[in-house]
Asker: 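To start, I am sharing the structure in question, which I have written as structure tokens.
In this text the structure is predicted, and so the values were computed from the model without any measurement. Quick note on labels: first sequence line is chain A, next is B, and so on, each numbered from 1.
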2 protein chains.
Amino acid sequence: MAPLDRSIVANVPIFASLSADDLDAMLCDARSVRYPKDSSVFDQGGEAHSFFVLLHGHLRVEKTTPQGQQIVVRYVSAGELFGVARALALKNYPATAIAVVDSVALSWPSALWPQLTAKFPALAAGALQTVGSRLQDTQDRVLEMSSEQVEQRVAHALLRLAKQAGRKVEHGVEIDFPISRQDVAEMTGTTLHTVSRILSAWEQQGLVEGGRQRIVLRDPHRLFEIAEGQGK
Amino acid sequence: MAPLDRSIVANVPIFASLSADDLDAMLCDARSVRYPKDSSVFDQGGEAHSFFVLLHGHLRVEKTTPQGQQIVVRYVSAGELFGVARALALKNYPATAIAVVDSVALSWPSALWPQLTAKFPALAAGALQTVGSRLQDTQDRVLEMSSEQVEQRVAHALLRLAKQAGRKVEHGVEIDFPISRQDVAEMTGTTLHTVSRILSAWEQQGLVEGGRQRIVLRDPHRLFEIAEGQGK
DNA sequence: GGCGGAACTTGTTTTAGCGCAAGCTCCCAG
DNA sequence: CTGGGAGCTTGCGCTAAAACAAGTTCCGCC
């Protein structure tokens, strides 16, 4: 396999504090894999054989109940560490990761985690920070679901998506990957129907612009007011 | 201050893999503090000066929105690591921890975290595992809130409490600390009223036994069925 | 180029559980 | 032992949003 150059991870925060030599050492054990759109990187319940860093693209992480109900846990963007189940002492992945656009990730065998963290303590610290901020996000989501109306939750979700994966376009900010009403519903704990109604209403008012698996925020500030409950 | 003997942390899983000498070294930097019932160990938004291990008692961790809405994030039982905000790169505590019964905790200055983890890698690994399992729990909670009815969520919450802090009593399992209907409501994203109604109904059927800030599960198996949706 | 189906919209009906309101009970303080 | 208040129960109406039910549109594929 062609050796991996350290320039490809120039924008990965978790590697920022490693020296050039250390980086090269880590990359020695890495494999680079391409995941076509709609393919899965790993599956809920599957053995946690690897952990990853996303180099390019976007992933949707989803979780399904035994009864078949599904939620979107989060979206992963380029530069993020993910699939660290093994580091959390899990034998299996607790969710499924699907590429929503053609994507590329580096992967390492989970078995190397102990040695790698021993050699590069910054890796352990970085992982702790990553997992910590996910915990924060997830707790905020519980708080939102407990205290906010559906409309506010959808507004929050769109703003978060725009922040994480927004692309400036002519009339506002577009979410930079295909996302359906169903996906938004699964992020906010509601139904496809309700999301569709809300987006339709907002489109009337010129707050957003829709389309098949496409969402453009035309008035983020107003959306923010709605999210905070000032709206209406 | 009287030196701390390592026997006091015999039942703390996170320290299990440290040698006796390492343990003594860690305990050198620790302070033992008593928190009377209803006092706070740390406050949401406050500077994250310390991290802790609970030796005895129970804490309720709660989080409040700017608008005053509150949720119970979790309960902490003896032996658990908590308040590790600083390790997650947060300057301030993201929630408030209140002693629900008289409690005792060891505390270390957050500033020592980097040195301690450098010296004892098992500490970093343990923290990662702790935070990981909290993330799991919180994600499960989101899934529950998205897909389950209030009755199921309350059943799940009670079962989880019983597992974490249940005490066998004559007619079943009692939650081992004072807990109000309001608290259960804040754990499940519902209202005091609805919880009260549900518990009253269950009490009629002999599934639980109530009282002021007291809950006894008399038929955990039946509750489990309700939680899984088989019930009704 | 037209067929089929996924993604989306929109109307109507139904209901879980929230908000409000009133009253009870038991514990603790004075 | 007697208020007073925190914690709890219960009834009632209402509403947000889910469920149910048709459509419509648009995209990719044969």
Side-chain angles (χ1 to χ4, degrees), chain A residues 36-38 60 67-72 98 100-101 144-155 157-158 175 177-205 208-216 226 229 231-232, chain B residues 36-38 60 67-72 98 100 144-158 175 177-205 208-216 226 229 231-232:
Chain A
K37 182 177 171 178
D38 294 327
R60 183 184 58 235
Q67 289 82 41
Q69 250 274 359
Q70 200 170 70
I71 63 164
V72 173
I98 307 265
V100 291
V101 294
E144 270 183 31
M145 293 186 71
S146 300
S147 64
E148 296 179 0
Q149 308 258 103
V150 171
E151 200 175 21
Q152 292 176 267
R153 302 209 301 265
V154 173
L158 293 190
I175 312 293
F177 50 77
I179 181 166
S180 70
R181 319 287 151 164
Q182 179 70 45
D183 293 330
V184 176
E186 287 178 13
M187 295 179 71
T188 51
T190 179
T191 62
L192 155 66
H193 309 275
T194 302
V195 171
S196 179
R197 269 180 250 275
I198 289 172
L199 290 187
S200 293
W202 286 349
E203 189 146 18
Q204 297 279 317
Q205 303 171 239
V208 303
E209 206 174 286
R212 232 179 155 64
Q213 315 218 80
R214 244 184 95 255
I215 302 176
V216 181
I226 292 175
K232 191 43 166 306
Chain B
K37 182 176 174 180
D38 294 326
R60 178 176 24 127
Q67 289 83 38
Q69 250 274 358
Q70 199 170 70
I71 62 165
V72 173
I98 307 266
V100 291
E144 268 182 32
M145 292 186 71
S146 300
S147 64
E148 295 179 358
Q149 310 257 100
V150 171
E151 199 175 22
Q152 291 177 269
R153 302 208 301 265
V154 173
H156 265 132
L158 294 189
I175 311 295
F177 50 78
I179 183 168
S180 70
R181 319 286 147 160
Q182 179 70 43
D183 294 330
V184 176
E186 288 178 13
M187 296 179 72
T188 51
T190 182
T191 62
L192 155 66
H193 310 275
T194 302
V195 171
S196 178
R197 270 180 251 277
I198 290 172
L199 291 188
S200 294
W202 286 348
E203 188 145 21
Q204 297 280 317
Q205 302 170 243
V208 303
E209 206 174 288
R212 232 179 154 63
Q213 316 217 78
R214 244 184 95 254
I215 302 175
V216 181
I226 292 175
K232 191 43 168 305

Asker: How many whole angstroms separate atom CH2 of Trp202(A) from atom C1' of dT9(C)?
Answerer: 17 Å

Asker: Run Ile179(A) and Ile215(A) through side chain to side chain contact (heavy atoms under 4.5 Å, CB included) and show every step you take.
Answerer: CA-CA 8 Å; Ile179(A) 181 166; Ile215(A) 302 176; 4.0 Å; yes

Asker: Over how many whole Å does the gap from Met145(B) atom CE to dA17(D) atom P extend?
Answerer: 13 Å

Asker: Among residues 191-199 of chain A, which residues get a heavy atom nearer than 4.0 Å to DNA chain D?
Answerer: Thr191(A), His193(A), Thr194(A), Arg197(A)

Asker: Just the rounded figure in Å: distance from C1' of dT9(C) to CD of Gln182(A).
Answerer: 14 Å

Asker: Once rounded to the nearest 0.5 Å, what's the spacing between atom CD of Glu144(A) and atom OG1 of Thr188(A)?
Answerer: 9.5 Å

Asker: Of the options dT9(D), dA16(D), dA6(D), whose atoms approach the side-chain atoms of Ser200(B) most closely?
Answerer: dT9(D)

Asker: Nearest 0.5 angstrom please: Gln182(B) CD to His193(B) NE2, how far?
Answerer: 8.0 Å

Asker: At under 4.0 Å, does any side-chain N or O of Arg181(B) touch on OP1 or OP2 of dC8(D)?
Answerer: yes

Asker: Start with the C-alpha gap between Met145(B) and Arg153(B), add the side-chain angles, then the distance that decides, and say whether side chain to side chain contact (heavy atoms under 4.5 Å, CB included) holds.
Answerer: CA-CA 7 Å; Met145(B) 292 186 71; Arg153(B) 302 208 301 265; 4.2 Å; yes

Asker: Quick check: do Phe177(A) and Asp183(A) have side-chain heavy atoms less than 4.5 Å from each other?
Answerer: no

Asker: OG/Ser180(A) to CD/Glu186(A) distance, rounded to the nearest 0.5 angstrom?
Answerer: 7.5 Å

Asker: Start at the 5' end of DNA chain D and walk down; is the nucleotide closest to Arg212(A) or to Glu148(A) reached first?
Answerer: Glu148(A)

